[in-house]
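These notes are about the structure you will find just below.
These values consider heavy atoms only, across backbone and side chains, with no hydrogens, waters or symmetry-generated copies.
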Amino acid sequence: MTQTFDALVVNKQDQQFSVGIQSLSLEDLPEGDVLIRVHYSSVNYKDSLASIPNGNIVNTYPFVPGIDLAGVVVSSKNPRFQEGDDVIATSYDIGVSHFGGYSEYARVPAEWVVPLPKGLTLKEAMTIGTAGFTAALSVQRLEENHLTPDKGAVLVTGATGGVGSFAVSILSTLGYQVQASTGKESEHEYLKHLGAQKILSREDVYNGKIRALGKQKWAAAVDPVGGEPLASVLSQIQYGGSVAVSGLTAGTELPTTIFPFILRGVNLLGIDSVYCSMETRVKTWNRLATDFKPANIEELVQQEVTLQQLPSVLPTLLKGEARGRILVKL
């Protein structure tokens, strides 16, 4: 086994902050049952925050970011995994307080590891990553709350982002009528190609005024945006419909009223991809390998980059310049 390997390391000492490729050894890795040779990772909003000094993601330095990874088991102390197994590890403390996927090798607890389902390659698993997994959890929860294609249109907000893009694609694959909201006029064709039947502007969803109850437009919504736009969406959901919320790019405050909930029976479903149960995790990954798997999965990749290119790529999510997924090949 190689004695040293490359990893992206962020470091903060006094007022000095750095992001760059460093050579590490296995002794530098944190404790864990499973040692993985990482083949692919991806870029998520948390990863971009981890790459800036005031991102409030990383608490101890030096640190290796990357909340997603997929690779092959090198060694395992846990009988669930054997050398040569293809595996996925996302969420939990990975890339937040435990060294993450921006490294040629990673060591993690076995209880954080999911066997790669049949029907997915390692590359496809990281094309999905936390963003696609969160979108799949959202759709799954909506279905558990009685959403079916015959109920009406489903809204996806922030539709060009990682979660939004996957939500559009999954819902379209399942036969839903998808309405995608975006502030990027240049990406309308991209969203239509993913399966959106109607493109809405941000103003179509939220025009700056929040009504207690608005016209009932959508049977359900996948919302990675939050904030005031979410309050507006809630007021426009059909009777008995649901909104699955997973993000806060528009803010953490939710200035809504009680009326959508008590007069229309609307459900607000919180989606957490970090600490959801392993049972739910495995079930969702298996669906992503089967009926949830987008037919156009490769088109969800905006670009594929190397570890060495990451320092220049990570800021794009913070600037709102990313579309779909950014894949990292190690």
Search all heavy atoms of [X] against all heavy atoms of [Y] and return the closest pair with its distance.
X      : Y      : result
Leu122 : Tyr40  : C-CD1, 4.1 Å
Gly195 : Ser172 : CA-OG, 3.3 Å
Arg325 : Gly129 : NH2-CA, 3.4 Å
Asn267 : Gly240 : ND2-O, 3.8 Å
Pro255 : Ile210 : CG-CD1, 3.6 Å
Ala136 : Thr284 : CB-CG2, 3.6 Å

Can you check whether [X] reaches [Y] side chain to side chain, under 4.5 Å on heavy atoms?
X      : Y      : result
Val10  : Pro65  : yes
Ser181 : Leu155 : yes
Val43  : Ser48  : yes
Ile271 : Gln140 : no
Pro224 : Thr134 : no

Other residues, nucleotides and ligands only: do more than 12 of their heavy atoms fall within 6.0 Å of [atom1] on [X]?
X      : atom1 : value
Glu253 : CD    : no
Glu144 : CD    : yes
Tyr61  : OH    : yes

Any donor and acceptor pair, going by atom type alone, linking the side chain of [X] with main-chain N or O of [Y] inside 3.5 Å?
X      : Y      : answer
Thr290 : Asn286 : yes
Ser165 : Thr160 : yes
Lys46  : Val96  : no
Thr121 : Glu124 : yes
Asp14  : Gln16  : no
Ser41  : Asp68  : yes
Glu104 : Asp6   : yes
Lys293 : Leu120 : no
Arg141 : Gly270 : yes
Ser232 : Val205 : yes

Out of curiosity, does [Y] fall in the hydrophobic cluster containing [X] (side-chain heavy atoms, cut-off under 4.5 Å, transitive links)?
X      : Y      : value
Val38  : Tyr92  : yes
Ile128 : Leu317 : yes
Leu268 : Val139 : no
Leu69  : Ile326 : yes
Tyr239 : Val154 : no

Option from Val328, Leu330, Val64, Leu307 for which side chain to side chain contact (heavy atoms under 4.5 Å, CB included) with Leu8 holds = Leu307
Would Cys276 and Phe133 satisfy side-chain contact (heavy atoms from CB on, under 4.5 Å), going step by step from the backbone distance to the final call?
-> CA-CA 11 Å; Cys276 70; Phe133 179 72; 3.9 Å; yes
Strictly by modelled atom types, are Ser18 and Asn11 linked by a side-chain donor-acceptor pair under 3.5 Å?
-> no
Are Glu27 and Ser25 linked by a side-chain donor-acceptor pair shorter than 3.5 Å?
-> yes
Test side chain to side chain donor-acceptor pair (under 3.5 Å) on Asn296 and Ser169 and set out the steps.
-> CA-CA 8 Å; Asn296 49 8; Ser169 190; 3.0 Å; yes
To the nearest 0.5 Å, how far apart are [atom1] in [X] and [atom2] in [Y]?
X      : Y      : atom1 : atom2 : value
Glu298 : Thr127 : CD    : OG1   : 9.0 Å
Asn207 : Arg202 : CG    : CZ    : 14.5 Å
Ile170 : Tyr176 : CD1   : OH    : 11.5 Å
Ile36  : Leu29  : CD1   : CG    : 10.5 Å
Gln303 : Gln309 : CD    : CD    : 7.5 Å
Glu143 : Thr148 : CD    : OG1   : 9.0 Å

Start with the C-alpha gap between Arg37 and Tyr105, add the side-chain angles, then the distance that decides, and say whether side-chain contact (heavy atoms from CB on, under 4.5 Å) holds.
-> CA-CA 5 Å; Arg37 173 61 173 95; Tyr105 286 86; 3.5 Å; yes
For Lys329, the salt bridge (charged side-chain N to carboxylate O under 4.0 Å, His left out) test, sequence neighbours excluded, returns none
With sequence neighbours excluded, tell me which residues meet ring-ring contact (aromatic ring centres under 6.0 Å, His included) with Tyr45.
-> none
Audit row: Thr130, Ser91, side-chain contact (heavy atoms from CB on, under 4.5 Å) steps and yes/no | CA-CA 7 Å; Thr130 289; Ser91 310; 4.2 Å; yes
